[in-house]
S.K.: 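To start, I am sharing the structure in question, which I have written as structure tokens.
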Amino acid sequence: MRIDHPTAAQMAQLRRLWQEAFGDEDAFLDLFFGQAFAVERCRCVSVDSQVVAALYWLDCSCGEGKLAYLYAIATAKACRGRGFCRALMADTHDFLRQQGYAGCILVPGNGPLFEMYRTMGYEVCSTVREFECRTGAKKAALRHVQPEVYAALRRQYLPAGGVIQEGENLRFLAAQMELYAAEDVLLCGTVREGVFHCPELLGDTSAAAAVLAALGADRGIFRCPGTERAFAMYYPLTDAPAPQYFGLAFD
């Protein structure tokens, strides 16, 4: 067993593992590997040169601490239950600690995964509120913003202890959806079949109906800071304070 950054010859294997684990289409993988991927931000487990487990991360920060947002953690179906994921996570923690990261953050996809990561030392650090609403009569003065403008505004809207996600995070986000700002509100999202899907709404949540009216969408599904649902988990690599809010999960 070897744990290291992937080689050029293993790139196709990474894509096959991703598709087996998550079912994403080639177009999405082209987007990820074109916008957010870097060899130095990927670790994989190889057995006889074949990738059997892998993970990726995107750089973010909280306070003075540099964090790694671990993403797309996967083990090949035929190799599950053999400790490869646990070995990969432990190795990645050690590697990131040596690189000066303060901690790791991730977003489990379901309830059982919360428990699995808890056994690896992760604890819930961020909760969110999710809500649906119908379009309103009044339209918000919504405007598109570029990633650099969105990044600056987001720093202003983040709650205390919020994780700053910029760089490759926002490039990846902007390639998938629109970034918007209006009076007292900042959000991102995309309309699919008349429904606006918003992975993060910051600021005045009561503006959601007016946002939908401006977009011409009948219904919206929004995620914002709140206490209703456990969302992100954190693993400390130093004694720096844990983050209190993580919002932009690429789920």
Side-chain angles (χ1 to χ4, degrees), residues 3-5 32 35-44 54-73 85-109 113-129 147-174 179 186 188 199-203 223-227 229-251:
I3 304 178
D4 205 342
H5 300 301
F32 174 78
Q35 296 284 344
F37 172 78
V39 169
E40 63 270 21
R41 288 187 281 100
C42 174
R43 303 284 284 178
C44 61
L55 60 75
Y56 310 81
W57 67 89
L58 295 93
D59 289 339
C60 49
S61 65
C62 185
E64 299 300 317
K66 183 178 179 181
L67 305 181
Y69 166 30
L70 302 188
Y71 183 60
I73 304 165
C85 180
R86 191 171 294 274
L88 176 60
M89 293 291 284
D91 174 87
T92 299
H93 294 157
D94 289 342
F95 175 81
L96 292 172
R97 186 181 291 110
Q98 293 169 16
Q99 299 301 310
Y101 285 78
C104 303
I105 199 161
L106 53 78
V107 178
L113 288 177
F114 275 89
E115 183 55 35
M116 184 187 82
Y117 289 120
R118 190 171 286 111
T119 67
M120 297 182 190
Y122 283 79
E123 294 293 340
V124 172
C125 68
S126 174
T127 58
V128 295
R129 172 192 171 210
E148 59 271 16
V149 174
Y150 187 87
L153 290 172
R154 190 170 183 271
R155 286 182 180 238
Q156 299 176 28
Y157 280 101
L158 276 175
V163 174
I164 294 171
Q165 295 171 264
E166 296 174 355
E168 65 271 5
N169 294 261
L170 292 189
R171 288 193 295 272
F172 188 42
L173 182 71
L179 311 179
L186 184 73
C188 55
E200 185 179 66
L201 171 67
L202 296 175
R223 190 162 65 209
C224 61
T227 59
R229 181 169 77 85
F231 188 62
M233 303 185 80
Y234 182 70
Y235 183 94
L237 299 173
T238 69
D239 59 2
Q244 301 301 304
Y245 170 75
F246 181 82
L248 293 178
F250 303 123
D251 51 357

S.K.: Do the side chains of Arg43 and His5 get nearer than 4.5 Å, heavy atoms only?
M.R.: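 A side-chain contact under 4.5 Å exists here.
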S.K.: Do Leu248 and Asn169 touch side chain to side chain, with heavy atoms closer than 4.5 Å?
M.R.: no
S.K.: Could you state the interatomic distance from CD (Gln156) to CG (Leu158), rounded to the nearest 0.5 Å?
M.R.: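 Those atoms lie 10.0 Å apart.
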S.K.: Hey, are the side chains of Tyr235 and Met120 touching, using non-hydrogen atoms and a 4.5 Å cut-off?
M.R.: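 They are not in contact (no side-chain heavy atoms under 4.5 Å apart), so the answer is no.
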S.K.: If only atom types and distance count, is the side chain of Tyr71 paired as donor or acceptor with the main-chain N or O of Phe250 below 3.5 Å?
M.R.: yes
S.K.: Got Leu113 and Ile73 here, is their nearest side-chain heavy-atom distance under 4.5 Å?
M.R.: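 Answer no - side chains too far apart.
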S.K.: Is the centre of the Tyr234 ring less than 6.0 Å from the centre of the Phe246 ring?
M.R.: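 No, ring centres 6.0 Å or more apart.
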S.K.: Looking only at heavy atoms, which two atoms of Cys188 and Tyr150 are closest? And how far apart?
M.R.: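 Closest heavy-atom pair between Cys188 and Tyr150: SG-OH, 3.6 Å.
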S.K.: Which distance, rounded to the nearest 0.5 Å, do you find between the CG of Leu88 and the CG of Leu55?
M.R.: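 The distance works out to 4.0 Å.
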S.K.: Side chains of Gln165 and Phe172: closer than 4.5 Å at any heavy-atom pair?
M.R.: no
S.K.: If you look at every heavy atom in Pro108 and Met233, which pair is closest and at what distance?
M.R.: CG-SD, 3.5 Å
S.K.: Are the side chains of Glu123 and Arg118 in touch, meaning some heavy atoms are under 4.5 Å apart?
M.R.: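 Yes. Closest side-chain heavy atoms under 4.5 Å.
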S.K.: Looking only at non-hydrogen atoms, find the nearest pair between Leu201 and Pro225 and report the distance.
M.R.: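 Residues Leu201 and Pro225, closest heavy atoms: O-CD, 3.6 Å.
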S.K.: Do Glu200 and Tyr157 come within less than 4.5 Å of each other through their side chains, counting heavy atoms only?
M.R.: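 No, their side chains stay 4.5 Å or more apart.
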S.K.: Return the SG to CD1 distance between Cys44 and Ile3, rounded to the nearest 0.5 Å.
M.R.: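 Here the rounded value is 9.0 Å.
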S.K.: How long is the gap from CZ on Arg97 to OG1 on Thr92, to the nearest 0.5 Å?
M.R.: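 Output value for this atom pair is 11.5 Å.
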S.K.: Answer yes or no: is there a donor N or O on one side and an acceptor on the other, between the side chain of Arg41 and the main chain of Ala36, under 3.5 Å?
M.R.: yes
S.K.: Please report the closest heavy-atom contact between Thr119 and Arg86, naming both atoms and the distance.
M.R.: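 Scanning both residues, the minimum pair turns out to be OG1-NH2, 3.1 Å.
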S.K.: Just so I know, are the side chains of Asp91 and Asp94 near enough to count as touching, which here means a heavy-atom distance under 4.5 Å?
M.R.: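 No, too far: nothing below the 4.5 Å cut-off.
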S.K.: Measuring from atom CG of Leu58 to atom CZ of Arg171, what distance do you get when rounded to the nearest 0.5 angstrom?
M.R.: 9.5 Å
S.K.: Show me the donor-acceptor pairs, under 3.5 Å and distance only, between side chains in residues 98-107 and residues at least two apart or in other chains.
M.R.:
from   : atom 1 : to    : atom 2 : distance (Å)
Tyr101 : OH     : Trp57 : NE1    : 3.3
Tyr101 : OH     : Asp59 : OD1    : 2.6

S.K.: From Cys42 SG over to Tyr56 OH, what is the distance, rounded to the nearest 0.5 angstrom?
M.R.: 5.0 Å
S.K.: Considering all heavy atoms of both residues, which atom of Arg154 and which atom of Val163 are nearest to each other, and what is their separation?
M.R.: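 The answer is NH1-O, 3.2 Å.
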S.K.: Can you establish whether the number of heavy atoms outside Glu148 located under 6.0 Å from its atom CD is more than 12?
M.R.: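 Yes, enclosed.
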S.K.: Under 4.0 Å between a side-chain nitrogen and a carboxylate oxygen: does that hold for Arg155 and Glu166?
M.R.: yes
